[in-house]
Amino acid sequence: MYLCVAFLHTLKTTLNKKKIINDPVYGFISIPTDLVFDLIEHPYFQRLRYIKQLGMTHLVYPGALHTRFHHALGAMHLMSMAIETLRYKGQVITEAEEEAVTIAILLHDVGHGPFSHALEQMIVDGVWHEHISVLLMKKLNKDFGGKLTMASEIFDGTYPKKFLHELVSSQLDMDRMDYLNRDSYFTGVSEGVISSDRIIKMLNVVDDHIVVEEKGIYSIEKFLIARRLMYWQVYLHKTVIAAEQLLGKILKRARALSLTGENLFCTPALNHFLVNTVSNDMFMNEEENLEIFAGLDDTDIMAAVKIWAHSKDAVLSKLCRDLVHRNLYHVDITNELPDKAQVDQLTQKAVTTYGISAEDAAYFVFTDVVRNNAYKAGDGYIRILMKNGTVKDITDASDNSNLSALAKTVKKYILCYPKELVSS
């Protein structure tokens with residue numbers, strides 16, 4: 001009897017891992033294996049529920065409250081479709097490789113910090129989220145007894161089948177296909193919608209590289225144009241820039257105060273990175289820093305911001321009040337460097353208006369650069385398999401002259417300053 005109960009418990013546990021998730025973009029998503037289920041259940045991955053996919057974009061598009069958790073599951077779903085397509089076309093992909101590439105795409109963003117790109121490198125200088133994802137995958141590999149070794153190799157591009165890495169990270173990967181459709185859905189910006197189903201059905205492999213069959217060329221053109229438009233309308237929207245710059249200045253000020261001995265209210269995880277200068281080497285070699293980082297999410301930041309709005313430090317309190325009340329910077333976007341005389345004039349006005357030093361005025365008046373890269377020709381380029389068997393870069397294969405323009409990096413300058421400095 002006891003053996004029977006134990007068997008039923010084991011069976012129930014196994015069956016419970018065969019879950020389906022109702023996704024608003026794709027419908028039902030299946031969790032393919034027990035290992036994938038266990039990774040989704042892990043605290044490192046569950047943390048992504050509390051990190052917004054689009055940082056502060058919800059202050060412009062109120063629906064943009066979806067998370068990295070949503071996105072990772074969506075990318076996993078697209079990966080299963082891609083593997084099915086490639087197998088149908090004769091590519092040999094073992095079950096172990098399928099599970100490994102699924103895990104690689106599932107965990108590709110596990111290293112993101114609070115508010116995704118908004119605070120990139122603000123918490124740990126010199127460390128990008130991709131590096132942290134690699135470290136967390138290595139830690140998970142230890143915890144899971146080496147079961148993630150192949151997934152790690154696919155993720156970092158050392159696995160022999162290079163095309164599997166390209167499905168995870170390239171200019172036409174499952175990551176980009178999901179976030180364009182998903183971000184478009186939640187922001188309501190229809191220009192971002194792409195034909196991901198058709199693109200995936202057109203995928204193939206030539207010389208160990210992912211290619212798109214020639215009949216899918218128009219879908220790729222739409223993909224690249226959608227990406228460019230989403231950058232200007234969503235990711236680099238001037239009000240999004242204003243909000244994310246403001247959040248960055250808040251964290252910069254809080255760290256400056258903490259390093260001089262100011263005791264600021266915040267969670268222990270956030271406090272660790274405020275009072276300590278954690279270098280790249282320290283982060284890479286001291287596991288404690290990684291574990292503490294893995295406990296940070298959006299709630300740590302916003303809880304602190306709400307309290308800091310009442311700080312005795314005039315600069316920090318104003319910055320935080322402005323964010324909480326959505327009193328964001330005015331942003332001028334130009335093709336040329338902002339006029340120095342204008343910057344100096346605004347800086348002096350900030351000094352007078354807020355009664356602060358010229359050094360502190362840099363929290364309120366400053367310049368920066370933004371870039372829009374829709375496509376980089378020659379950098380892991382998108383390959384088109386022509387009907388005659390040759391392979392061409394999309395910019396050479398397409399008769400759309402606009403694609404050549406999309407291959408150029410657009411660089412613009414921004415000048416940020418409080419609206420009240422010009423309205424008063």
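A 4.5 Å side-chain heavy-atom check between Glu99 and Glu95 finds every atom pair outside the cut-off. Between Asn181 and Ile194 there is a side-chain heavy-atom pair separated by less than 4.5 Å. In this structure, Lys139 and Leu135 have side chains that are not in contact, with every pair of non-hydrogen atoms separated by 4.5 Å or more. Between Phe364 and Val315, the closest side-chain pair of non-hydrogen atoms falls below 4.5 Å. The side-chain heavy atoms of Lys18 and Asp34, taken from C-beta on, include a pair separated by under 4.5 Å. Residues Ile29 and Ile20 form no side-chain contact, since every pair of their non-hydrogen atoms from C-beta on lies 4.5 Å or further apart. You'll find the side chain of Val410 reaches within 4.5 Å of the side chain of Arg228, heavy atoms only. Proximity of Phe45 to Leu140: side-chain heavy atoms (C-beta onward) are nowhere separated by under 4.5 Å.
No side-chain donor-acceptor contact under 3.5 Å links Arg371 to the backbone of Thr409. In terms of modelled atom types and a separation under 3.5 Å, the side chain of Arg68 and the main chain of Gln53 share a donor-acceptor contact. At least one donor-acceptor pair closer than 3.5 Å links the side chain of Lys161 to the backbone N or O of Val92. A donor-acceptor distance shorter than 3.5 angstrom exists from the side chain of Thr260 to the backbone of Leu257, with no hydrogens or angles considered. A donor-acceptor contact shorter than 3.5 Å is absent between the side chain of Arg227 and the backbone of Leu180. Under the 3.5 Å distance criterion, the side-chain polar atoms of Thr187 are left unmatched by any main-chain donor or acceptor of Ala64. Using modelled atom types, no side-chain atom of Asp297 and backbone atom of Leu48 make a donor-acceptor pair closer than 3.5 Å.
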*Might you work through the salt bridge (charged side-chain N to carboxylate O under 4.0 Å, His left out) test for Lys201 and Asp197, ending with a clear yes or no?*
CA-CA 6 Å; Lys201 292 297 183 185; Asp197 285 5; over 6 Å; no
*For Leu172 and Arg176, what are the C-alpha separation, side-chain angles and deciding distance, and is it a side-chain contact (heavy atoms from CB on, under 4.5 Å)?*
CA-CA 7 Å; Leu172 188 66; Arg176 294 187 185 193; over 6 Å; no
_Steps toward side-chain contact (heavy atoms from CB on, under 4.5 Å) verdict (Trp128, His117)_ = CA-CA 9 Å; Trp128 297 97; His117 295 286; over 6 Å; no
*asked:* Let's go through Ile51 and Thr67 carefully: what are the C-alpha distance in whole Å and the side-chain angles of both, what is the deciding distance for side-chain contact (heavy atoms from CB on, under 4.5 Å) to 0.1 Å, and is it a yes or a no?
replied: CA-CA 6 Å; Ile51 296 179; Thr67 65; 5.9 Å; no
*Lys17 and Asp38: side-chain contact (heavy atoms from CB on, under 4.5 Å), yes or no, with the steps?*
CA-CA 8 Å; Lys17 295 183 180 182; Asp38 291 338; 3.1 Å; yes
*asked:* Test side-chain hydrogen bond (donor to acceptor under 3.5 Å, both in side chains) on Ser279 and Asp281; report intermediate values, then the result.
replied: CA-CA 5 Å; Ser279 68; Asp281 288 341; 5.4 Å; no
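Ring geometry, Phe186 versus His66: the interplanar angle falls under 30°, so the pair is classed parallel (tilted spans 30 to 60°). Using cut-offs of 30° and 60° on the angle between ring planes, the pair His330 and Tyr417 is tilted. Ring geometry, Phe144 versus His42: the interplanar angle falls from 30° to 60°, so the pair is classed tilted. Relative ring orientation between Phe273 and Phe283 is described as tilted, the plane-to-plane angle lying within the 30° to 60° band. Under the 30°/60° scheme for interplanar angles, the aromatic rings of Tyr235 and Tyr231 are found to stand perpendicular.
For the pair Lys419 and Asp322, the salt-bridge criterion is not met [side-chain N within less than 4.0 Å of a carboxylate O]. Residues Lys162 and Asp208 are not paired through a salt bridge, judged by the lack of any N-O separation under 4.0 Å between the basic side chain and the carboxylate. Lys89 and Glu213 are joined by a salt bridge, as a carboxylate oxygen and a charged side-chain nitrogen come within less than 4.0 angstrom of each other.
The neighbour count for Lys222 NZ, taken as heavy atoms of other residues, nucleotides or ligands under 6.0 Å away, is above 12. When the shell of 6.0 Å around CD of Gln46 is examined, it contains more than 12 heavy atoms from other residues, nucleotides or ligands. By the neighbour-count criterion of 12 heavy atoms within 6.0 Å, atom NZ of Lys138 is sparsely surrounded, having that number or fewer from other residues, nucleotides or ligands.
Taken to the nearest 0.5 Å, the OG1 atom of Thr149 stands 10.0 Å off from the CE atom of Met137. A distance of 5.0 Å separates CD1 in Ile154 from CG in Leu164, rounded to the nearest 0.5 Å. Atom CG of Leu247 is separated from atom CG of Leu323 by 6.0 Å, given to the nearest 0.5 angstrom. A distance of 5.0 Å separates CD1 in Ile241 from CD1 in Ile414, rounded to the nearest 0.5 Å. Note that CZ of Phe163 is 10.0 Å distant from CG of Asn204, once rounded to the nearest 0.5 Å. Put simply, CZ on Phe155 and CD1 on Ile105 are 8.5 Å apart, with the number rounded to the nearest 0.5 Å.
Across all their heavy atoms, Leu259 and Leu274 have their closest contact at CD2-O, 3.6 Å. Counting all heavy atoms, side chain and backbone alike, Val36 lies closest to Met76 at CG1-SD, 3.8 Å. Contact record, His71 with Asp109: CD2-OD2, 3.2 Å, taken as the closest heavy-atom pair. Nearest approach of Val240 to Val234, heavy atoms of both residues: CG2-O, 3.5 Å. Contact detail for Arg47 and His112: the closest heavy-atom pair is NH2-O, 2.6 Å. Smallest separation of non-hydrogen atoms from His108 and Ser133: O-OG, 3.1 Å.
Side chains of Asn388 and Thr390: a donor on one and an acceptor on the other come within 3.5 Å. Between the side chains of Arg182 and Tyr26, no donor-acceptor pair of N or O atoms lies under 3.5 Å. Asn141 and Ser152 share no donor-acceptor pair across their side chains, judged by distance under 3.5 Å alone.
The side-chain hydrogen bond (donor to acceptor under 3.5 Å, both in side chains) check on His209 picks up Glu166, with sequence neighbours excluded.
Annotation: side-chain hydrogen bond (donor to acceptor under 3.5 Å, both in side chains) contacts involving residues 303-317, sequence neighbours excluded, comprise Arg253-Asp313, Ser317-Arg321. For the side-chain hydrogen bond (donor to acceptor under 3.5 Å, both in side chains) condition, the pairs that include at least one residue of residues 265-276, sequence neighbours left out, are Thr267-Asp300, His272-Asn276, His272-Asn289.
Relative to the six-membered ring of Phe366, Lys249 meets both conditions, a distance below 6.0 Å and an angle of at most 45° to the axis.
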